[in-house]
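By convention in this document, chain letters (A, B, ...) are assigned in the order of the sequence lines, proteins followed by strands, and residues within each chain are numbered from 1. Every heavy atom of this structure was used, including side-chain atoms; hydrogens, water molecules and symmetry mates were not.
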Amino acid sequence: MEQQASSCVGVAEADEKLMKVQSAISQFKMIKGALIPVLHEIQDIYGYLPEPVLQIVSAELNLPMSEIYGVASFYHFFSLTPKGENVVHLCLGTACYIKGAQGILDRLSTELKVPVQGTTEDNKFTLEATRCLGACGLAPVMTIGEKVHGRLAPNNIPVILKEYK
Amino acid sequence: MKLLTDLEAIRTLTQARLDNRRITGESPDSISFRSVMVCGGTGCTSSDSNQIIAKLNQEIAGHGIQRQVEVVRTGCFGLCELGPVVIVYPEGIFYSRVEVQDIPKLVETHLLQGKPYEKKIYEKTKQDGEILNFEETEFYKKQVRIALHNCGVIDPENIDEYIGSDGYQALDKVLKTMSRQEVIDTMKQSGLRGRGGGGFNTGLKWEFAAKQDKEQKYVICNADEGDPGAFMDRSILEGNPHSVIEAMAIAGYAIGSNQGFIYVRAEYPIAVQRFMKALEQAREYELLGDNILGTGFSFNIDVRLGAGAFVCGEETALIHSIEGHRGMPTPKPPFPAVQGLWGQPTIINNVETLANVAQIILKGAPWYASIGTEKSKGTKVFALGGKVVNTGLVEVPMGITLREVIFEIGGGIPGGKKFKAVQTGGPSGGCLTEEHLDCTIDFDTLTSLGSMMGSGGMIIMDEDTCMVDVARFYLDFTRDESCGKCTPCRIGTKRLLELLDKITEGKGSLDDLEKLENLSVQIKNASLCALGQTAPNPVLSTIKYFREEYLAHIEGHKCPAGVCKSLISYEIDPDLCRGCSLCAKKCPTDAISGELKEPFVIDTAVCIKCGVCFDVCKFEAVAIV
Ligand SMILES: Cc1cc2nc3c(=O)[nH]c(=O)nc-3n(C[C@H](O)[C@H](O)[C@H](O)COP(=O)(O)O)c2cc1C
Ligand code: SF4
Ligand code: SF4
Ligand code: FES
Ligand code: FES
């Protein structure tokens, strides 16, 4: 019974997401160069670019899948695989690097037991290295979800990660 | 809806309010109104400046002094490292690292009793028992703020405040009193050169596009800011978004375009959101759209989000990206000014470049040209980062020396360390040394020294920075970011990186050093776009100025700065070790063993050189050797 209810919710959620995708597509369909804005919306909705959704985009925008993949794989911001609940973006921009971002990255990797680009087994975290988050004054910097953590030292890492566990 | 007369009325009304936000030197007991400016830039927002604003408003309401105080959320003040930053006018008191729990006391002491709240006053504004206003500190004294002039002064989300600070007056002037050619001539005479890296004369670029006899033309604002370690464009969009909108409209008028695009990084959510809000307000006031200010001129701006590819900052690649394709560069000519977006004449300007435009129109080309050097006019915004005391955003007149920026404004190197190098120009630039500190900063001097102005990242390095590792870092970046279209760039950067890896691992030979140099020259000559053409610069400049350091890695198998992992190891000094066992507890690989209260030892065969023991040891007993 309970299971059924939850799967109903799941379906409703999925429908809602698809509706958002549809509305994004119709919003951008008329403009030239619609593909990238549409991919942004999809990534916003799902956290990555699921293949079935890209199929819809292909049909609606009249673009071959090969072109969509070509674009999606070119840009670092787009991901074709799902990510963990919390995406940790550690900045490896110059200002952060000079202030020891590599040490922070190593520590994150040890604490989470995943390499860069990896997702933890419990699906809680995905660890990513990124280029300049534009908060260089606080170097070294990382974001977890929307939250920015600055002035990091390796020892802060376990404490910060705990907040998200 | 809002028209010319309305604009004047808003200006007069708001101007009076903005007038409160300056340092007057009034004695504290005669002050009847205060402005509390809270930084809402990315740095400070990340350290909870929004909660600080909420608490301020709550406390102020609690004391019933809403009429004597205004609280304003502004853009970045520049000293982000000290954030969250709060400045109180008219005294100009600078509070740093303010926390929510400080607010009740701050309100009570400063806003009620008129006494500065000592506990959070920025240390450097205290001098001989007196408290200086922030403009008198070393950090601000030498700055000349043109592109950043409204950042930290107005509420970026309130178009009235921009108008009150003479906003949209330049657009009004241009549309009503100047011909297109006059606008272009003004820009040319000002000597403004593009701040996005190339340094091309802005007026000339506009003139090329203006001369094209085409129905449809485009204006693009390049807000991709791919340079790692630079955040001036972001800060301008966050702190003064209307200045960019106004300039794009002026550019549109000058070249005969009715459509603009801003290409902004998706990684900059606050900037994107503020810019969108500003667009909405400008449309509502009919300062964008059809028949602007009743002059018959129409102009619109659309936003396009970048998707994290550095090469998309290159103008032809950016155009392809807006068109919906992979952002790969194409050869020039044809230049975008002739054949750009969808084949139409297009000008692309950087955010900081545009932020200067309205000021130039209002104050005149001679005013702008009087600042700076013979061939580099005006000011440049730098993002000071790395091993420098005052990390942050500074705007200085061209022609200032590196020493002034690093040691006077930047406050020198922290922790009593020695200055080693300064890197300008990001991945396209190079490293300069002690002997260049008295060189002036302008486009041509930096280029002649083998570095570059670039977009304005300025990274300071101290004795703990390994220059070979820095070169490796940049090559890793450019290799990763190469679009892959041309072989010299795609494969060349990979080979360069491999050679550098080899050297940092202590496996390099003198032969490799020579290979590095030869390959660098070939990549520079044979690549299509400036990414490949400049990628070897960090290698060449570090070899040129820090050759001994390469030799130390190659011949001595040592990393003098103690950075390159393969060439260092961790050791516990038995004389300093108190046997507290903290390191052993924290070591992820159980490489440390020992008895409590006895010196501990590291098994180098098991150690992965993570440095945790070094960080945790309270007695500095762990050493890098
Ligand atoms: C690889 C590469 C990346 C670039 N990235 C940027 C950038 O992020 N922002 C920018 O304004 N210009 C960037 N440029 C320079 C632009 O191509 C272009 O010259 C500039 O936007 C023109 O504006 P300006 O004349 O106002 O400087 C880049 C150039 C190259 C070759
Ligand atoms: S030089 Fe590099 S980045 Fe530029 S077009 Fe060639 S491969 Fe692409
Ligand atoms: S460097 Fe890391 S692995 Fe090596 S001994 Fe220290 S804590 Fe253990
Ligand atoms: S270099 Fe890390 S935030 Fe800019
Ligand atoms: S973000 Fe607050 S001072 Fe820069």
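With ring centers used as reference points, A:Phe77 lies under 6.0 Å from A:His40.
With a 4.5 angstrom heavy-atom cutoff, B:Cys312 touches chain A only via side-chain atoms. Of the two parts of B:Arg304, only the side chain, counted from C-beta on, holds a non-hydrogen atom closer than 4.5 Å to a non-hydrogen atom of chain A. Using a 4.5 Å cut-off between heavy atoms, B:Ala271 makes no contact with chain A at all. Heavy atoms of B:Leu305 lying under 4.5 Å from chain A belong to its backbone as well as its side chain. B:Asp233 does not touch chain A: none of its heavy atoms, backbone or side chain, sits under 4.5 Å away. Interface remark: B:Val303 contributes no atoms to any contact with chain A (heavy atom separation under 4.5 Å). Both the backbone and the side chain of B:Asp476 come within contact range of chain A, judged by heavy atoms closer than 4.5 Å. Residue contact with chain A, scored on non-hydrogen atoms closer than 4.5 Å, involves the side chain of B:Val311 exclusively. Contacts of B:Phe477 with chain A are made by both backbone and side-chain atoms, with heavy-atom separations under 4.5 Å. Contacts of B:Ser321 with chain A are made by both backbone and side-chain atoms, with heavy-atom separations under 4.5 Å. Interface remark: B:Ile460 contributes backbone atoms only to the contact with chain A (heavy atom separation under 4.5 Å). The part of B:Lys565 that comes within reach of chain A is its side chain, from C-beta onward, which places non-hydrogen atoms under 4.5 angstrom from that chain.
The candidate with the highest count of non-hydrogen atom pairs below 4.5 Å against chain A, out of B:Lys586, B:Met328, B:Met461, B:His325, is B:His325. Each of B:Tyr474, B:Phe473, B:Phe231 has some count of heavy-atom pairs under 4.5 Å with chain A, and the biggest count is that of B:Phe473.
Side-chain polar atoms of B:Asp469 and A:Tyr97 form a donor-acceptor pair below 3.5 angstrom. For the residue pair B:Glu225 and B:Ser455, no side-chain donor N or O sits within less than 3.5 Å of a side-chain acceptor on the partner.
Crowding of A:Met19 atom CE: a count of heavy atoms from other residues, nucleotides or ligands under 6.0 Å not exceeding 12.
Using a cut-off of 4.0 Å between Lys/Arg side-chain N and Asp/Glu carboxylate O, B:Asp462 and B:Lys387 are scored as salt-bridged.
Contact check for A:Lys113 versus A:Thr120: no side-chain heavy atoms found under the 4.5 Å cut-off.
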